[in-house]
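What follows is a single structure, written as structure tokens, with notes after it.
Atoms within each ligand, like the ligands themselves, are counted from 1 in listed order.
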Amino acid sequence: MERLIVDHPLAAARLTTMRDETTDNAGFRAALSDLTQMLIYEALAGAPRVDMQIKTPLVPYTGSRLATPPLLVPVLRAGLGMVEQAHAMVPESRVGFVGIARDEETAQPVPYLESLPEDLSGLPVFVLDPMLATGGSMLHTIELLVARNATDITAVCVVAAPQGVALLEESGHPCRLVVAAIDEGLNDVNYIVPGLGDAGDRQFGPR
Ligand code: U5P
């Protein structure tokens, strides 16, 4: 699986703010939004373009635009804090939604919402979820997308655990990972360590 680790001083500074337990909900959301901009920018670096004929105030000019804006799929709740900024970067994108809760006893993903276009053939898909922990939620989401004929899937995450990366790798699905950091591992209740805690709670408060 192709992976792109966005290791940039500005990305690292935002991630440090997110990891810091003294950062409040508003500060966490602001840092996540900034970091999402950087992740999306990097994720689209090699994306195909099409020519666009325009005129500058002086002469005709052949410019370009993104050939196929990706479908953005935030995974609720935590991915909600990424979608607005991702959409601002690619305003032509469509947005689908997947809702997955994690059973805190078993750490198994429990799906509760699926709002996606029927046919995703030929459409790149960016799945937005800040945390790739066991990888169960991401794998479930990818399987929903593959069932709708997606063949070009990018998981856009802030922090990943090696276990989640390995699960995606072993799945053999057509997927790529763009992430700001791969952390040490998971604790005994499947939180990423060092991590940043519960990304939903850190944005929106505890349930
Ligand atoms: N999650 C966190 N923080 C962690 C680990 C997991 O917020 O340290 C949440 C995220 O909301 C993510 C989901 O959507 O759990 C991913 O867990 P998993 O299915 O990869 O184990």
Side-chain angles (χ1 to χ4, degrees), residues 1 3 5 14-33 35-36 39-40 72-86 95-116 125-146 153-173 175-207:
M1 179 177 63
R3 29 174 134 157
I5 299 174
R14 293 322 185 278
L15 180 52
T16 301
T17 299
M18 293 175 70
R19 289 191 193 277
D20 186 342
E21 67 169 1
T22 68
T23 302
D24 65 8
N25 295 160
F28 187 94
R29 292 194 303 270
L32 175 59
S33 173
L35 185 51
T36 300
L39 295 171
I40 296 292
L72 305 174
V73 180
V75 180
L76 273 46
R77 266 186 323 154
L80 277 181
M82 301 176 76
V83 68
E84 193 174 322
Q85 187 57 254
V95 181
F97 297 88
V98 170
I100 298 178
R102 192 162 78 153
D103 184 320
E104 294 298 341
E105 307 256 297
T106 62
Q108 289 305 303
V110 183
Y112 63 87
L113 171 75
E114 189 182 323
S115 170
L116 296 165
V125 183
F126 281 14
V127 182
L128 311 175
D129 189 335
M131 312 300 276
L132 179 69
T134 63
S137 311
M138 185 59 75
L139 182 59
H140 180 83
T141 305
I142 290 171
E143 280 166 356
L144 292 178
L145 298 168
V146 167
I153 301 169
T154 302
V156 182
C157 305
V158 170
V159 180
Q163 292 89 331
V165 179
L167 190 74
L168 296 192
E169 214 140 42
E170 287 155 16
S171 77
H173 287 307
C175 125
R176 169 173 85 113
L177 174 66
V178 177
V179 69
I182 298 181
D183 275 8
E184 280 159 30
L186 299 172
N187 70 6
D188 55 2
V189 286
N190 290 308
Y191 275 83
I192 298 177
V193 181
L196 48 77
D198 184 300
D201 288 0
R202 298 284 318 266
Q203 292 176 71
F204 306 118
R207 275 175 285 189

Do Ile153 and Val146 come close enough that some side-chain heavy atom pair is under 4.5 Å?
-> yes
Is any side-chain heavy atom of Leu39 closer than 4.5 Å to a side-chain heavy atom of Val158?
-> yes
Residue pair Phe204 / Leu80: nearest heavy atoms and the distance that separates them = CZ-CB, 3.9 Å
Just wondering, are more than 12 heavy atoms of other shown residues or ligands nearer than 6.0 Å to CD in Glu84?
-> no
When you look for heavy atoms under 4.0 Å from ligand 1, do you find them on the side chain of Ser137, its backbone, both, or neither?
-> both
Min N/O separation Ala78 to ligand 1 under 3.5 Å | no
If we only count N/O pairs under 3.5 Å, is Asn190 in contact with ligand 1?
-> no
Quick one: does Gly197 get a heavy atom under 4.0 Å from ligand 1?
-> yes
Do any nitrogen or oxygen atoms of Ala199 come within less than 3.5 Å of a nitrogen or oxygen of ligand 1?
-> yes
Any sub-3.5 Å donor-acceptor pair from Gln203's side-chain atoms to Gly81's backbone N or O?
-> yes
With rounding to the nearest 0.5 Å, note down the distance linking OG1 in Thr17 to CG in Leu32.
-> 11.5 Å
Between Leu196 and ligand 1, which residue portion shows a heavy-atom distance shorter than 4.0 Å: side chain, backbone, both, or neither?
-> neither
Would you name the heavy atoms of Gly96 and Pro74 that are closest together and state the gap between them?
-> O-CD, 3.0 Å
Polar contact flag for Ala133 and ligand 1 (N/O pairs, less than 3.5 Å) = yes
Near Gly136, which atoms of ligand 1 are under 4.0 Å from a heavy atom of that residue?
-> 19 (O), 20 (O)
Can an N or O of Gly135 be found at a distance shorter than 3.5 Å from an N or O of ligand 1?
-> yes
Would you say Asp129 and ligand 1 have an N/O pair spaced under 3.5 Å apart?
-> yes
For ligand 1, is there an N or O atom under 3.5 Å from any N or O atom of Gly200?
-> no
Identified side-chain contact (heavy atoms from CB on, under 4.5 Å) partner of Leu168 from the options Met138, His173, Arg3 | Met138
